[in-house]
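A short write-up of the structure that comes next.
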There are 2 protein chains.
Amino acid sequence: MGHDWKESLRVPGHRLTPQRLAVLEAIREAGCHCTLAEIQERLKPQHPTLTLPTVYRNLRYLVNAGLAAQTDLGGGCHVYEFVADKHHHHLVCLKCRTVIDLPDSFLDPLRNALRDRYGFTPCMEHFALFGVCPSCEKKASERSSDVCLGSDG
Amino acid sequence: MGHDWKESLRVPGHRLTPQRLAVLEAIREAGCHCTLAEIQERLKPQHPTLTLPTVYRNLRYLVNAGLAAQTDLGGGCHVYEFVADKHHHHLVCLKCRTVIDLPDSFLDPLRNALRDRYGFTPCMEHFALFGVCPSCEKKASERSSDVCLGSDG
DNA sequence: TTGGATGCAAAGATTTTGCAGTTTT
DNA sequence: AAAACTGCAAAATCTTTGCATCCAA
(Lines give C-alpha, C1' and ligand atoms only; values in the text may rest on other atoms or scores of the structure.)
Protein backbone atom coordinates (compact mmCIF):
# COMPACT_ATOMS: atom_id res chain seq x y z
CA MET A 1 0.00 0.00 0.00
CA GLY A 2 2.85 2.40 -0.72
CA HIS A 3 1.93 6.05 -1.00
CA ASP A 4 5.50 6.69 -2.08
CA TRP A 5 4.63 9.42 -4.52
CA LYS A 6 3.66 11.68 -1.64
CA GLU A 7 7.15 11.29 -0.26
CA SER A 8 8.64 12.32 -3.57
CA LEU A 9 7.05 15.72 -2.94
CA ARG A 10 8.89 16.14 0.34
CA VAL A 11 11.93 17.73 -1.21
CA PRO A 12 14.15 20.32 0.48
CA GLY A 13 13.19 23.71 -0.89
CA HIS A 14 9.62 22.65 -1.60
CA ARG A 15 6.55 22.25 0.56
CA LEU A 16 3.85 19.68 0.64
CA THR A 17 0.72 21.76 1.03
CA PRO A 18 -2.84 20.41 1.32
CA GLN A 19 -3.66 22.07 -2.01
CA ARG A 20 -0.77 20.43 -3.79
CA LEU A 21 -1.72 17.08 -2.38
CA ALA A 22 -5.34 17.67 -3.35
CA VAL A 23 -4.44 18.34 -6.97
CA LEU A 24 -2.32 15.21 -7.03
CA GLU A 25 -5.11 13.14 -5.52
CA ALA A 26 -7.62 14.61 -7.95
CA ILE A 27 -5.80 13.45 -11.04
CA ARG A 28 -4.83 10.20 -9.40
CA GLU A 29 -8.43 9.35 -8.51
CA ALA A 30 -9.67 10.46 -11.90
CA GLY A 31 -7.55 7.69 -13.33
CA CYS A 32 -7.52 9.22 -16.78
CA HIS A 33 -6.69 12.41 -18.60
CA CYS A 34 -8.71 15.35 -17.30
CA THR A 35 -9.13 18.98 -18.21
CA LEU A 36 -8.83 21.89 -15.81
CA ALA A 37 -12.61 22.04 -15.57
CA GLU A 38 -12.79 18.39 -14.59
CA ILE A 39 -10.05 18.78 -12.02
CA GLN A 40 -11.79 21.77 -10.47
CA GLU A 41 -15.09 19.90 -10.44
CA ARG A 42 -13.41 17.11 -8.55
CA LEU A 43 -11.77 19.47 -6.06
CA LYS A 44 -14.79 21.65 -5.37
CA PRO A 45 -16.49 19.52 -2.69
CA GLN A 46 -13.45 19.01 -0.48
CA HIS A 47 -11.52 22.17 -1.35
CA PRO A 48 -13.94 24.92 -2.31
CA THR A 49 -11.37 27.66 -1.80
CA LEU A 50 -8.77 26.20 -4.14
CA THR A 51 -8.17 28.69 -6.93
CA LEU A 52 -7.39 28.31 -10.60
CA PRO A 53 -3.85 29.73 -10.48
CA THR A 54 -3.04 27.35 -7.67
CA VAL A 55 -4.27 24.39 -9.68
CA TYR A 56 -2.22 25.49 -12.66
CA ARG A 57 0.87 26.08 -10.58
CA ASN A 58 0.59 22.73 -8.90
CA LEU A 59 -0.03 20.91 -12.13
CA ARG A 60 3.09 22.46 -13.58
CA TYR A 61 4.96 21.50 -10.45
CA LEU A 62 3.72 17.93 -10.61
CA VAL A 63 4.63 17.65 -14.27
CA ASN A 64 8.15 18.83 -13.46
CA ALA A 65 8.27 16.39 -10.57
CA GLY A 66 7.37 13.56 -12.95
CA LEU A 67 4.13 12.74 -11.15
CA ALA A 68 1.82 14.14 -13.80
CA ALA A 69 1.78 14.35 -17.57
CA GLN A 70 0.47 17.16 -19.72
CA THR A 71 -0.92 16.34 -23.14
CA ASP A 72 -2.74 18.10 -25.95
CA LEU A 73 -5.58 15.89 -27.09
CA GLY A 74 -6.84 18.52 -29.50
CA GLY A 75 -9.71 19.71 -27.34
CA GLY A 76 -8.47 23.28 -27.10
CA CYS A 77 -6.86 22.85 -23.71
CA HIS A 78 -4.30 20.64 -22.11
CA VAL A 79 -5.25 17.50 -20.26
CA TYR A 80 -3.40 16.16 -17.26
CA GLU A 81 -3.07 12.75 -15.78
CA PHE A 82 -1.38 10.98 -12.96
CA VAL A 83 1.77 9.18 -14.01
CA ALA A 84 1.50 5.77 -12.46
CA ASP A 85 4.01 2.98 -12.73
CA LYS A 86 1.96 1.61 -15.58
CA HIS A 87 1.88 4.20 -18.31
CA HIS A 88 -0.72 4.09 -20.98
CA HIS A 89 -1.31 6.19 -24.06
CA HIS A 90 -4.04 7.57 -26.22
CA LEU A 91 -5.33 6.98 -29.70
CA VAL A 92 -7.53 9.99 -30.42
CA CYS A 93 -10.06 9.82 -33.24
CA LEU A 94 -10.01 13.05 -35.23
CA LYS A 95 -13.61 12.56 -36.35
CA CYS A 96 -15.51 11.55 -33.22
CA ARG A 97 -12.95 12.41 -30.51
CA THR A 98 -13.12 8.90 -29.10
CA VAL A 99 -10.03 8.04 -27.08
CA ILE A 100 -8.68 4.50 -27.14
CA ASP A 101 -6.21 3.56 -24.43
CA LEU A 102 -3.00 1.96 -25.54
CA PRO A 103 -0.93 -0.13 -23.11
CA ASP A 104 2.63 0.98 -22.58
CA SER A 105 4.17 -2.26 -23.78
CA PHE A 106 2.83 -1.54 -27.23
CA LEU A 107 5.43 1.17 -27.61
CA ASP A 108 8.46 -0.78 -26.52
CA PRO A 109 9.66 -1.50 -30.06
CA LEU A 110 9.47 2.19 -30.97
CA ARG A 111 11.11 3.18 -27.72
CA ASN A 112 14.03 0.85 -28.29
CA ALA A 113 14.41 1.91 -31.89
CA LEU A 114 14.54 5.58 -30.92
CA ARG A 115 17.16 4.93 -28.30
CA ASP A 116 19.29 2.78 -30.59
CA ARG A 117 19.11 5.02 -33.61
CA TYR A 118 18.95 8.55 -32.15
CA GLY A 119 20.02 8.24 -28.54
CA PHE A 120 16.70 9.87 -27.77
CA THR A 121 14.97 8.91 -24.54
CA PRO A 122 11.27 9.39 -25.08
CA CYS A 123 8.97 10.42 -22.23
CA MET A 124 6.20 8.15 -23.29
CA GLU A 125 3.74 9.34 -20.67
CA HIS A 126 3.36 12.37 -22.91
CA PHE A 127 2.16 10.26 -25.78
CA ALA A 128 -0.96 10.91 -27.85
CA LEU A 129 -1.60 9.74 -31.37
CA PHE A 130 -4.27 11.12 -33.68
CA GLY A 131 -6.04 9.28 -36.42
CA VAL A 132 -9.27 7.57 -37.38
CA CYS A 133 -10.94 4.96 -35.20
CA PRO A 134 -12.33 1.71 -36.64
CA SER A 135 -15.93 2.91 -36.37
CA CYS A 136 -15.32 6.17 -38.28
CA GLU A 137 -13.14 4.35 -40.78
CA LYS A 138 -16.04 2.04 -41.51
CA LYS A 139 -18.50 4.91 -41.89
CA ALA A 140 -16.13 6.67 -44.26
CA SER A 141 -15.72 3.66 -46.50
CA GLU A 142 -19.51 3.21 -46.69
CA ARG A 143 -19.94 6.70 -48.06
CA SER A 144 -17.66 6.18 -51.03
CA SER A 145 -17.55 9.83 -52.11
CA ASP A 146 -16.80 11.85 -49.05
CA VAL A 147 -15.29 15.24 -49.66
CA CYS A 148 -13.91 16.17 -46.30
CA LEU A 149 -13.54 19.94 -46.18
CA GLY A 150 -14.93 21.48 -43.07
CA SER A 151 -16.65 24.85 -43.18
CA ASP A 152 -15.18 27.68 -41.23
CA GLY A 153 -16.60 30.84 -39.69
CA MET B 1 6.40 19.83 -61.37
CA GLY B 2 2.90 19.02 -60.18
CA HIS B 3 1.21 21.79 -58.22
CA ASP B 4 -1.63 19.34 -57.65
CA TRP B 5 -2.32 20.51 -54.13
CA LYS B 6 -3.63 23.81 -55.43
CA GLU B 7 -6.20 21.93 -57.44
CA SER B 8 -7.33 20.07 -54.38
CA LEU B 9 -8.51 23.43 -53.07
CA ARG B 10 -10.78 23.98 -56.07
CA VAL B 11 -13.74 22.19 -54.54
CA PRO B 12 -17.37 23.05 -55.21
CA GLY B 13 -18.65 25.10 -52.30
CA HIS B 14 -15.22 26.48 -51.53
CA ARG B 15 -13.15 29.24 -53.07
CA LEU B 16 -9.50 29.55 -53.84
CA THR B 17 -8.62 33.04 -52.66
CA PRO B 18 -5.21 34.69 -52.87
CA GLN B 19 -5.08 34.73 -49.07
CA ARG B 20 -5.75 31.03 -48.79
CA LEU B 21 -3.13 30.28 -51.36
CA ALA B 22 -0.70 32.58 -49.62
CA VAL B 23 -1.09 30.76 -46.31
CA LEU B 24 -0.58 27.45 -48.05
CA GLU B 25 2.53 28.72 -49.82
CA ALA B 26 3.86 30.17 -46.59
CA ILE B 27 3.88 26.87 -44.73
CA ARG B 28 4.99 25.01 -47.84
CA GLU B 29 8.00 27.27 -48.36
CA ALA B 30 8.83 27.26 -44.67
CA GLY B 31 9.40 23.54 -45.05
CA CYS B 32 9.03 22.91 -41.35
CA HIS B 33 6.71 23.48 -38.46
CA CYS B 34 6.01 27.15 -37.91
CA THR B 35 4.13 29.22 -35.38
CA LEU B 36 1.55 31.85 -36.21
CA ALA B 37 4.14 34.54 -35.68
CA GLU B 38 6.47 32.89 -38.16
CA ILE B 39 3.72 32.48 -40.72
CA GLN B 40 2.73 36.12 -40.40
CA GLU B 41 6.35 37.16 -40.70
CA ARG B 42 6.60 35.22 -43.92
CA LEU B 43 3.37 36.67 -45.29
CA LYS B 44 4.03 40.28 -44.38
CA PRO B 45 6.13 41.33 -47.40
CA GLN B 46 3.80 40.01 -50.08
CA HIS B 47 0.49 40.27 -48.23
CA PRO B 48 0.69 43.08 -45.71
CA THR B 49 -3.10 43.29 -45.34
CA LEU B 50 -3.60 39.64 -44.43
CA THR B 51 -5.12 39.49 -40.95
CA LEU B 52 -4.74 37.11 -38.07
CA PRO B 53 -8.28 35.68 -38.17
CA THR B 54 -7.85 34.97 -41.86
CA VAL B 55 -4.64 33.10 -41.23
CA TYR B 56 -6.27 31.07 -38.49
CA ARG B 57 -9.33 30.32 -40.58
CA ASN B 58 -7.27 29.23 -43.53
CA LEU B 59 -4.98 27.10 -41.43
CA ARG B 60 -7.99 25.32 -40.00
CA TYR B 61 -9.35 24.91 -43.50
CA LEU B 62 -6.06 23.50 -44.77
CA VAL B 63 -5.84 21.09 -41.86
CA ASN B 64 -9.33 19.83 -42.68
CA ALA B 65 -8.36 19.58 -46.32
CA GLY B 66 -5.41 17.41 -45.36
CA LEU B 67 -2.84 19.86 -46.72
CA ALA B 68 -1.58 21.04 -43.36
CA ALA B 69 -0.94 19.50 -39.98
CA GLN B 70 -1.41 21.11 -36.60
CA THR B 71 0.80 20.01 -33.73
CA ASP B 72 1.49 21.01 -30.16
CA LEU B 73 5.23 21.06 -29.63
CA GLY B 74 4.86 22.39 -26.12
CA GLY B 75 5.78 25.97 -26.94
CA GLY B 76 2.48 27.42 -25.77
CA CYS B 77 0.96 27.63 -29.21
CA HIS B 78 0.26 25.28 -32.07
CA VAL B 79 2.65 24.85 -34.95
CA TYR B 80 1.60 24.16 -38.49
CA GLU B 81 3.30 22.54 -41.40
CA PHE B 82 2.68 21.61 -44.97
CA VAL B 83 1.78 17.98 -45.42
CA ALA B 84 3.93 16.79 -48.26
CA ASP B 85 4.05 13.34 -49.74
CA LYS B 86 7.02 12.61 -47.53
CA HIS B 87 5.92 12.97 -43.94
CA HIS B 88 8.40 13.42 -41.20
CA HIS B 89 8.03 13.70 -37.47
CA HIS B 90 9.52 15.39 -34.45
CA LEU B 91 11.48 14.37 -31.42
CA VAL B 92 11.24 17.32 -29.05
CA CYS B 93 13.70 17.64 -26.21
CA LEU B 94 11.91 18.70 -23.04
CA LYS B 95 15.06 20.25 -21.63
CA CYS B 96 16.54 22.29 -24.47
CA ARG B 97 13.60 22.32 -26.91
CA THR B 98 15.78 20.93 -29.69
CA VAL B 99 13.72 19.27 -32.40
CA ILE B 100 15.10 16.20 -34.16
CA ASP B 101 13.43 15.19 -37.40
CA LEU B 102 12.35 11.60 -37.73
CA PRO B 103 11.76 10.05 -41.16
CA ASP B 104 8.34 8.61 -41.77
CA SER B 105 9.57 5.12 -42.43
CA PHE B 106 10.71 4.90 -38.85
CA LEU B 107 7.10 4.64 -37.78
CA ASP B 108 5.98 1.93 -40.14
CA PRO B 109 6.22 -0.84 -37.56
CA LEU B 110 4.09 1.12 -35.11
CA ARG B 111 1.65 2.07 -37.83
CA ASN B 112 1.15 -1.52 -38.87
CA ALA B 113 0.83 -2.73 -35.31
CA LEU B 114 -1.86 -0.16 -34.57
CA ARG B 115 -3.81 -1.11 -37.64
CA ASP B 116 -3.53 -4.82 -36.96
CA ARG B 117 -4.32 -4.69 -33.29
CA TYR B 118 -6.81 -1.80 -32.99
CA GLY B 119 -8.06 -1.11 -36.49
CA PHE B 120 -6.83 2.42 -35.83
CA THR B 121 -5.52 4.41 -38.79
CA PRO B 122 -3.04 6.91 -37.43
CA CYS B 123 -2.56 10.30 -39.07
CA MET B 124 1.16 10.31 -38.65
CA GLU B 125 1.66 13.80 -39.96
CA HIS B 126 0.37 14.89 -36.55
CA PHE B 127 3.18 13.15 -34.74
CA ALA B 128 5.37 14.67 -32.08
CA LEU B 129 7.25 12.84 -29.40
CA PHE B 130 8.71 14.41 -26.28
CA GLY B 131 11.72 13.25 -24.38
CA VAL B 132 15.37 13.93 -23.70
CA CYS B 133 17.90 14.40 -26.48
CA PRO B 134 21.33 12.72 -26.39
CA SER B 135 23.10 15.94 -25.45
CA CYS B 136 20.86 16.66 -22.45
CA GLU B 137 20.93 13.02 -21.44
CA LYS B 138 24.70 13.22 -21.31
CA LYS B 139 24.65 16.43 -19.27
CA ALA B 140 22.20 14.87 -16.83
CA SER B 141 24.32 11.77 -16.26
CA GLU B 142 27.40 13.92 -15.63
CA ARG B 143 25.64 15.70 -12.78
CA SER B 144 24.92 12.53 -10.86
CA SER B 145 22.66 14.14 -8.27
CA ASP B 146 20.15 16.20 -10.17
CA VAL B 147 16.91 16.91 -8.39
CA CYS B 148 14.67 18.07 -11.16
CA LEU B 149 11.87 20.09 -9.60
CA GLY B 150 11.25 23.34 -11.36
CA SER B 151 10.29 26.42 -9.43
CA ASP B 152 6.98 28.04 -10.14
CA GLY B 153 5.59 31.54 -9.82
C1' DT C 1 11.66 32.37 11.45
C1' DT C 2 11.91 31.89 6.58
C1' DG C 3 10.78 31.69 2.07
C1' DG C 4 7.76 28.70 -0.54
C1' DA C 5 2.78 28.53 -1.55
C1' DT C 6 -1.82 30.46 -1.70
C1' DG C 7 -5.58 33.62 -3.05
C1' DC C 8 -7.13 37.44 -5.34
C1' DA C 9 -7.29 40.34 -9.10
C1' DA C 10 -5.60 41.54 -13.18
C1' DA C 11 -3.12 40.87 -17.23
C1' DG C 12 -1.19 38.13 -21.17
C1' DA C 13 -1.59 35.15 -24.91
C1' DT C 14 -3.73 32.41 -28.19
C1' DT C 15 -7.66 31.55 -30.78
C1' DT C 16 -12.52 32.43 -32.10
C1' DT C 17 -16.70 35.03 -33.55
C1' DG C 18 -20.07 38.72 -35.51
C1' DC C 19 -20.87 41.40 -39.14
C1' DA C 20 -20.52 44.51 -43.06
C1' DG C 21 -18.34 44.64 -47.24
C1' DT C 22 -15.64 42.35 -50.93
C1' DT C 23 -14.55 38.84 -54.22
C1' DT C 24 -14.61 34.24 -56.37
C1' DT C 25 -17.40 31.27 -59.05
C1' DA D 1 -26.26 37.06 -58.52
C1' DA D 2 -25.17 34.01 -54.78
C1' DA D 3 -22.51 32.65 -51.25
C1' DA D 4 -17.91 32.08 -49.55
C1' DC D 5 -14.27 34.74 -47.75
C1' DT D 6 -11.91 38.84 -45.83
C1' DG D 7 -10.95 42.49 -42.59
C1' DC D 8 -11.92 44.79 -38.54
C1' DA D 9 -13.07 44.86 -33.89
C1' DA D 10 -14.31 42.66 -30.11
C1' DA D 11 -14.79 38.67 -27.39
C1' DA D 12 -13.99 34.09 -25.49
C1' DT D 13 -10.63 30.90 -23.64
C1' DC D 14 -6.88 29.22 -21.56
C1' DT D 15 -2.95 30.33 -18.82
C1' DT D 16 0.25 33.25 -16.32
C1' DT D 17 1.84 36.94 -13.12
C1' DG D 18 2.25 40.51 -9.11
C1' DC D 19 1.71 41.02 -4.63
C1' DA D 20 0.10 40.79 0.10
C1' DT D 21 -0.86 37.16 3.21
C1' DC D 22 -0.45 32.64 5.04
C1' DC D 23 1.62 28.46 6.46
C1' DA D 24 4.82 24.23 6.18
C1' DA D 25 9.39 23.15 7.64
Side-chain angles (χ1 to χ4, degrees), chain A residues 6-26 33-41 43-44 46-65 67-68 70-80 147 149-153, chain B residues 6-24 26 33-41 43-44 46-65 68 70-80 147 149-153:
Chain A
K6 273 189 201 169
E7 290 314 304
S8 68
L9 292 179
R10 296 187 164 283
V11 181
H14 298 274
R15 290 172 190 179
L16 183 48
T17 62
Q19 293 92 335
R20 179 160 295 173
L21 202 52
V23 172
L24 178 61
E25 289 294 307
H33 42 82
C34 30
T35 63
L36 250 286
E38 289 161 355
I39 292 171
Q40 280 222 300
E41 195 63 26
L43 290 169
K44 208 180 291 172
Q46 303 276 1
H47 303 266
T49 68
L50 221 169
T51 60
L52 210 78
T54 295
V55 178
Y56 271 112
R57 282 190 275 230
N58 277 320
L59 283 172
R60 181 165 49 177
Y61 179 93
L62 292 171
V63 168
N64 283 334
L67 289 173
Q70 183 193 57
T71 318
D72 175 18
L73 255 36
C77 63
H78 289 125
V79 293
Y80 299 85
V147 179
L149 290 176
S151 65
D152 60 344
Chain B
K6 272 189 201 168
E7 291 312 306
S8 68
L9 291 179
R10 297 189 162 282
V11 182
H14 298 273
R15 289 170 190 181
L16 183 49
T17 63
Q19 292 91 335
R20 180 160 295 173
L21 203 53
V23 172
L24 178 61
H33 43 82
C34 31
T35 64
L36 250 287
E38 288 161 354
I39 293 171
Q40 280 222 301
E41 195 62 28
L43 290 169
K44 208 181 289 172
Q46 302 276 2
H47 302 266
T49 68
L50 222 169
T51 59
L52 211 78
T54 295
V55 179
Y56 271 112
R57 284 191 275 231
N58 278 319
L59 283 172
R60 180 164 52 175
Y61 178 93
L62 293 171
V63 168
N64 285 333
Q70 184 193 57
T71 317
D72 175 17
L73 254 38
C77 64
H78 289 126
V79 294
Y80 299 86
V147 179
L149 290 175
S151 66
D152 59 345

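Excluded from the calculations below are hydrogen atoms, water molecules and symmetry mates; all remaining heavy atoms, backbone and side chain alike, are included. Below, chain A is the first sequence line, B the second, and so on; all start at residue 1.
One can place CG of N58(A) at 14 Å from C1' of dT16(D), the figure rounded to the nearest angstrom. Distance CG (L59(A)) to P (dT6(C)): 11 Å, rounded to an integer number of Å. When the C1' atom of dG7(C) is taken as reference, atom CD of Q40(A) falls 13 Å away, rounded to whole Å. Note: CG (L36(A)) to C1' (dT13(D)) measures 11 Å, nearest angstrom. The CZ-C1' distance, from R60(A) to dA5(C), rounds to 13 Å in whole Å. Here dT25(C) presents its P atom at 11 Å from CG of L21(B), a figure rounded to the nearest Å. The CZ atom of R20(B) sits 15 Å away from the C1' atom of dT22(C) (whole-angstrom rounding). Whole-Å rounding puts the I39(B) CD1 to dT14(C) C1' distance at 13 Å.
A search for salt bridge (charged side-chain N to carboxylate O under 4.0 Å, His left out) contacts involving E41(A) returns K44(A), not counting sequence neighbours.
Residues D72(B) and T71(A) fail the side-chain proximity criterion, which asks for heavy atoms closer than 4.5 Å. T17(A) is not listed as a side-chain neighbour of T54(A), based on a closest heavy-atom distance of 4.5 Å or more. A 4.5 Å side-chain heavy-atom check between Y80(B) and L36(B) finds at least one atom pair inside the cut-off. Two residues are said to be in side-chain contact when any heavy atoms from C-beta on lie closer than 4.5 Å; L59(A) and Q70(A) fail this criterion. For the pair R20(B) and V23(B), the minimum side-chain heavy-atom distance is 4.5 Å or more.
The stretch residues 46-55 of chain B comes close to DNA chain D through T49(B), L50(B), T51(B), P53(B), T54(B), each having a heavy atom under 4.0 Å from the strand.
In this model, the phosphate group of dT16(C) is not approached by any side-chain N or O of Y56(B) to a distance below 4.0 Å at OP1 or OP2. Residue H78(A) places at least one side-chain N or O closer than 4.0 Å to OP1 or OP2 of dT15(D).
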Problem set entry | Base versus backbone protein contacts along nucleotides 19-25 of chain D [heavy-atom cut-off under 4.0 Å; B, S, -] | ----BBS
For this session: In sequence, state the C-alpha distance, the side-chain angles, and the governing distance for N58(B) and L24(B), and then conclude on side chain to side chain contact (heavy atoms under 4.5 Å, CB included).
Result: CA-CA 8 Å; N58(B) 278 319; L24(B) 178 61; over 6 Å; no
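Rounding to the nearest 0.5 Å gives a distance of 14.5 Å between CG of L9(B) and CZ of R15(B). We find the CG-CD distance between L52(A) and Q40(A) to be 4.5 Å, quoted to the nearest 0.5 Å.
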